[in-house]
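Everything on this sheet refers to the single structure shown next.
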Amino acid sequence: MSSIENKDGANLKAELIADFQTSQAVLNGKSALPVHQLRSEAMKSFDKLGFPTIRHEEWKYSNVSNLVKQTFDFHTKTDFNQTDLEKIPLPHLTGNVLYFINGVYNAELSQIATPESKLQVLPFSVALAQQPELIEGYFGKYANYETDAFTALNTALSNDGVVVKVADNKVVEEPIILRFIADARTANVGSQPRNLIVVGQNSQVKIAEAYRTVGDEAAFVNTVTEIIVGESAMVDYYKVQNESDKSYHIGTTQVYQKGRSYFYAATATLNGGFVRNNLNVVLDGEHIESHLYGLYVPNGKQHVDNHTLVDHQKPNCESNELYKGILMDKSTGVFNGKIFVREDAQKTNAYQNCRNVVTSDEATMNTKPQLEIWADDVKCSHGTTTGQLNDEAIFYMQSRGIPKKEAIRLQLLAFAQDVVTQIKIDSIREYIEELILEKLEAAR
Amino acid sequence: MLTISNLHARIEEKEILRGINLEIKPGEVHAIMGPNGSGKSTLASVLAGREDYEVTEGSVTFNGKDLLDLAPEKRAAEGIFLAFQYPVEIPGVTTINFLKTALNEIRKYNGQEPLDAAQFLKRMKEKAKLVKIDDALLKRSLNEGFSGGEKKRNEIFQMAMLEPTLGLLDETDSGLDIDALRIVAEGVNQLRDEKRSFVVVTHYQRLLDYIVPDFVHVLYKGRIVKSGTKELALELEEKGYDWIKNEVDALEVA
Ligand SMILES: Nc1ncnc2c1ncn2[C@@H]1O[C@H](COP(=O)(O)OP(=O)(O)OP(=O)(O)O)[C@@H](O)[C@H]1O
Ligand SMILES: [Mg+2]
């Protein structure tokens, strides 16, 4: 694999390997624990894989060479506090709200609303140090660190994030909102959040991950979330990205669904210089439903890459995917959607659709649906479209008295609606709508 | 109210309007007929402000203003309404929201307060009755999945809501069965008054039985080649366009 390793990344890679050695040194005899064994394995894997180049099939359109040329401080001390929080939108979210500043849990800013009998929430760092048995059965068992360099890196080096456990047969009314703030006010900062979400059978929960940058320096966020959806459980998962133009976000969400479970995902990428989201869902049981929605609205020179993998392993399941993009200025977008239907997975219904509107001649969108079907009794469909604004519709609206700008806005908002309405946490959905509006307005 | 003089317009190097002259006074109804491709929709589109067409010569004044100088939305606010030959589907925008935005934009332009929700709803109910359009239809995305007839009825409904002073109806009758035709025509007739004028583009005399025009014009090859009163429409119904075409073509050759 060395031919597709990024040599530019020698510095960052060396820095990270050194980091790992330091972290090993302070383990105080715990290195023999299975969790730490696994982290060592992951580091070896990263060392072997290295950062990918565009010669790597999965990274063809997403070039990380600018990222890996830079260095980032993964241990920046930050004093981000309530006063700073008040300066950014949505400082008073309700529910279970956990703050991570540069990847590290901040207890002062956070609040837990749901009783422990329903919901167990604890920082990953605490689980790792004090109760490794809590995460042992799951950590690194789903997200693949053997083939994905960034997942390997995160598995080896992540120092914080959240562990969420929902007991069986519980409806968690209050959403769980995880806010990751990269404080890049003084230096290039790096963080590697790691989340583990285990939802018991027949339970329901809504989880949101929200990413934001403050400050003008560069930020590198390499995040991995593993979600295990128990039998007949129902999970809503939202990922909201509103990061700076100088940020690099690489994230993997690995979902494992058991029989009769429901999983609804919505990924909204509102801002971010370089974004790569991997959303992988394994349907390992019958009568499962998975719904994957995505929306991205890059402008300037932003780059947003969504890779999804829906892996149908058992019969009688349904998956449904809708990704939508509005690409402005010189932005670039990538959608790569894989659907696997394994030999056993008869009577699978799998649908995928990716629709894009490009508002400028200089914006580009690359789409690649990849269906691999080994079963014979299945219904699968996929489609991608990339078009311009509908001039006929705009003239029609104008002819009724609606100014052109407003007509364009209405059209694009309407276009985004069927993804935005999937987000069932009102405060977050309304905020997203506002951000889209702002961005569309700025673009004209 | 509207004066068109020597209007020339083209699209992609192709000259379509080749010197149109027309004067419309308040309260008048003008019918425009003519063979396919003669430029009827083009004329309506140019008046409404579609950017695809380039006006190369001539002028249009509307209530003293240079119409060609105004953006389409300003023309609408000034009182021009085009009922499209092919109404556009707009997914994700309901007719109600669309019209509320449109109406209030027009009111804003004319220095009026926006209608509040209750006033708007009242007006909507009233006008929906006028064209017998179903409430449920108005809650759906604009024209999306509407039948041909429903789309046409929706155009007239929108016109009733926006109360323009000049309505341009481009083949609003085509695709309508006789009942729908009567409903649409009645809707138009109820809007007729001494200040409001209409240009009715049609291929069929039957619409003009309901909406009785003051003048009938024949458009051919981008010019008005014949004008008359409602009897002209009857004559065209009977004889077709060939005799007019022959007259004009003979002149052109000469
Ligand atoms: N976008 C376009 N590009 C090229 N030619 C066009 C375009 N739009 C219209 N034309 C041409 O202009 C001419 C006039 O078209 P127009 O639609 O105005 O005719 P019409 O009188 O409304 O016809 P109909 O009775 O069929 O509706 C036709 O020859 C048509 O092909
Ligand atoms: Mg026409």
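Quick note: numbers below take in every heavy atom, side chains included, and nothing from hydrogens, waters or symmetry partners. Proteins get letters first, then strands, A, B, ... in listed order; numbering begins at 1 in each.
For chain B, no part of A/Gln411 is nearby; none of its heavy atoms comes within less than 4.5 Å. Only the side chain of B/Leu142 comes within contact range of chain A, judged by heavy atoms closer than 4.5 Å. Both the backbone and the side chain of A/Glu392 come within less than 4.5 Å of a heavy atom of chain B. For a residue to count as touching a neighbouring chain, one of its non-hydrogen atoms must lie under 4.5 Å from one of that chain's; by this rule B/Asn104 does not touch chain A. Of the atoms belonging to B/Arg75, not a single heavy atom falls under 4.5 Å from chain A. Looking at B/Pro87, both its backbone and its side chain come within 4.5 Å of chain A, counting heavy atoms on both sides.
Options B/Gly92, B/Ala102, B/Ala77 differ in how many heavy-atom pairs under 4.5 Å they form with chain A, and the most are formed by B/Ala102. Taking chain A as the reference chain and counting heavy-atom pairs below 4.5 Å, the highest number among B/Asp52, B/Leu99, B/Leu82 is found for B/Leu82. Most heavy-atom pairs under 4.5 Å with chain A, from the set B/Glu155, B/Met159, B/Lys108: that is B/Glu155.
A cation-pi arrangement is absent between B/Lys74 and B/Tyr109 under the rule of less than 6.0 angstrom and at most 45 degrees off the ring axis. A cation-pi arrangement is present between A/Arg400 and A/Tyr396, with the terminal nitrogen or guanidinium carbon under 6.0 Å from the aromatic centre and inside a 45° cone about the axis. A cation-pi contact links B/Lys100 to B/Phe120, judged by a cut-off of 6.0 Å to the six-membered ring centre and 45° from its axis.
Close placement of the B/Phe84 and A/Phe395 rings is indicated, their centers lying within 6.0 Å of each other.
Ring orientation note: the planes of A/Phe263 and A/Tyr237 are close to parallel, at an angle under 30° on the 30°/60° scale.
The environment of A/Lys424 atom NZ is dense: over 12 non-hydrogen atoms of other residues, nucleotides or ligands sit within 6.0 angstrom.
Proximity of a side-chain donor or acceptor of A/Gln241 to a complementary backbone N or O of A/Arg212 within less than 3.5 Å is not detected.
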